[in-house]
**Q** 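Pasting in a structure now, in structure tokens, and then I'll have a few things to ask.
Scope of the values below: all heavy atoms of this structure, side chains included, with no hydrogens, waters or symmetry mates. Residue numbers start from 1 in every chain, and the chains themselves are labelled A, B, ... in the order their sequence lines are given, proteins ahead of strands. On a predicted model such as this, the values are computed, not experimentally measured, just so you know.
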2 protein chains.
Amino acid sequence: MDRTGEIEPAQRMNCLGTATPEVDIRVAAFTVANDQISVLLDRTDGIQQLPRSVPNGVESIDQQARNLLRSHLGYPERYMEQLYTLTVVEMGVWRIVVSSVALIGSEDTPTPPARGRWLPVSELDGLSMGDEMVIEYALFRVRSKLDYTTIGFHLLSEEFTLSELQAAYETVLGRKLDKRNFRRRMSALGILTVTGSTRRDGSHRPARLYRYQPEQDSSDYLTPPWATAQEGS
Amino acid sequence: MDRTGEIEPAQRMNCLGTATPEVDIRVAAFTVANDQISVLLDRTDGIQQLPRSVPNGVESIDQQARNLLRSHLGYPERYMEQLYTLTVVEMGVWRIVVSSVALIGSEDTPTPPARGRWLPVSELDGLSMGDEMVIEYALFRVRSKLDYTTIGFHLLSEEFTLSELQAAYETVLGRKLDKRNFRRRMSALGILTVTGSTRRDGSHRPARLYRYQPEQDSSDYLTPPWATAQEGS
DNA sequence: TCAAAAGTGTTTGACTTACACCCATGA
DNA sequence: TCATGGGTGTAAGTCAAACACTTTTGA
């Protein structure tokens, strides 16, 4: 187990001779625009990759993931959830990757992020194995949770129309939904409030605007208690 | 744990001057016996704690968790799933804990594990904060998934009666279930096969024995593809 | 007046819940 | 014959899916 020569690709030794795994934190942040779902990629190092950082030994991993995203976007994410901790060998290095998924409201999407870009998931190319795995599973998780939680609301702006909400669902799920059933289902959640104003959007009837009321939201995201509580911004 | 005294609690530096977090792998393994749900605790170090190990830089974290459990029990687990990666400060050390939950069939429960013991979750005491968090969340996850997956089957022996299955559900959920509705629901899953034999158990009608057929199981555990595929034993 | 999206109800089948009695056995 | 757990059906209510037309607006 102990080797003293040059550093072995599979692991490294620290000063004490114990194995010191490379850990990194990665975030797959999605937004929906133009009927496409896009992921935030960092391009500071020339190549495009998921935003990442290394545990700093001070903040929790979850908190660091949040800050990582904020440093890219300049504002806090709408929804974030830890995904999975996977083991990959990338560039010859054995790594532990703690991955999270985040959702960004469409209000902020057009703003090009400081050190990255939004890339539609259909156009991804040349990513590392680990990044691909994270993105694929993140999408799976978001699609699954769209069915039994209210995460979909976090993809919109603060005020939105029911048609926008439905379009976001359809884009993420990749299939059409029935308008009447969709509206009934959303109304039944009891987390929608009408603002009273409308949005006129073309040569047709204007749409009513709604607002999401998180405090009424009883949907169970199945995340651990410590992930949703505390962790002050 | 090796510490040299002057090292900062929050983090350590390796030879390269980068932070090297302490990572460990912990498994909360549950079994059901005597109408109680018990967790496997390791007592090799005098104190009782969840079985744990440190990433070896060779196997995946998930595979290491499996092997960790096997080394305690002497046989493979029936079901295992990664839970969460949390950040804790224990004994003054900032740690990253990659936690998993496992279910053990009741056939093997009576066998006392080599270096540990089964302790009913109602009698836990003196565990570290991290272990408590892991166990609490693991129970939450198992209870939740009992509703929409078939994990419950992994708590039984290879052959079982429907009453045993129901008792396991009731023990985990902490409430009684209706016998007729329960049996209808289980039958509808299409993963039960009658063995033809029966078990006589007292002065009453003998019960039919069933077997779980995983290959018919279409329930979606929502785990990532790489966790269920490959990972050869 | 036309095009285009907003908005609205009903019916059907599937699933969930509540609920009570007879059956097979050993003592 | 009795005590014990094994085994079964039905009715009511709730939920999801399919399905089409009227409304309001700008051009």
**Q** Return whichever of Ser203(A) or Asp201(B) has its heavy-atom-nearest nucleotide of DNA chain D closer to the 5' end.
**A** Asp201(B)
**Q** Atom CZ of Arg200(B) and atom P of dA27(C): how far apart are they, to the nearest Å?
**A** 12 Å
**Q** Using a cut-off of strictly less than 4.0 Å between a heavy atom of the residue and any atom of DNA chain C, enumerate the qualifying residues of residues 157-169 of chain A by number.
**A** Ser163(A)
**Q** According to side-chain contact (heavy atoms from CB on, under 4.5 Å), who are the partners of Asn181(B), at least two apart in sequence or on a separate chain?
**A** Asp178(B), Arg184(B)
**Q** Partners of Arg205(B) by side-chain contact (heavy atoms from CB on, under 4.5 Å), sequence neighbours excluded?
**A** none
**Q** Please identify each residue that fulfils side-chain contact (heavy atoms from CB on, under 4.5 Å) with Arg78(A), with sequence neighbours left out.
**A** Glu107(A), His154(A)
**Q** So if I define the base as every atom that isn't primed, P, OP1 or OP2, how would nucleotides 13-23 of chain C read as a B/S/- string at a heavy-atom cutoff under 4.0 Å?
**A** ----BBBB--B
**Q** Checking the side chain of Thr193(B) only, and the main-chain atoms of Arg211(B) only, is there a donor and an acceptor separated by less than 3.5 Å?
**A** no
**Q** Roughly, in whole Å, what's the span from CG in Leu192(A) to C1' in dG7(C)?
**A** 15 Å
**Q** For a ring pair (Phe, Tyr, Trp, His ring centres under 6.0 Å) with Tyr79(A), tell me which candidate from Phe30(A), Tyr221(A), Tyr212(A) qualifies.
**A** Tyr221(A)
**Q** What's the spacing between Leu83(B) CG and Phe140(B) CZ if we round to 0.5 Å?
**A** 11.0 Å
**Q** For Arg208(A), which contact category applies under a 4.0 Å heavy-atom criterion: base, sugar-phosphate, or nothing?
**A** sugar-phosphate
**Q** Would you say the side-chain atoms of Thr161(B) and Ser163(B) include a donor-acceptor pair closer than 3.5 Å?
**A** no
**Q** Flag the pair Glu81(B) and Lys145(B) as a salt bridge only when some basic side-chain nitrogen lies within less than 4.0 angstrom of an acidic carboxylate oxygen.
**A** yes
**Q** With a 6.0 Å cut-off (strictly less than), is the heavy-atom count around CZ of Arg115(B), excluding the residue itself, greater than 12?
**A** yes
**Q** For a 4.0 angstrom threshold against heavy atoms of chain B, report the outermost contacting nucleotides of DNA chain D in 5' to 3' order.
**A** dA3(D) to dT10(D)
**Q** So if I apply the side-chain hydrogen bond (donor to acceptor under 3.5 Å, both in side chains) rule between Asp131(A) and each of Gln49(A), Gln48(A), Arg26(A), which one comes out positive?
**A** Arg26(A)
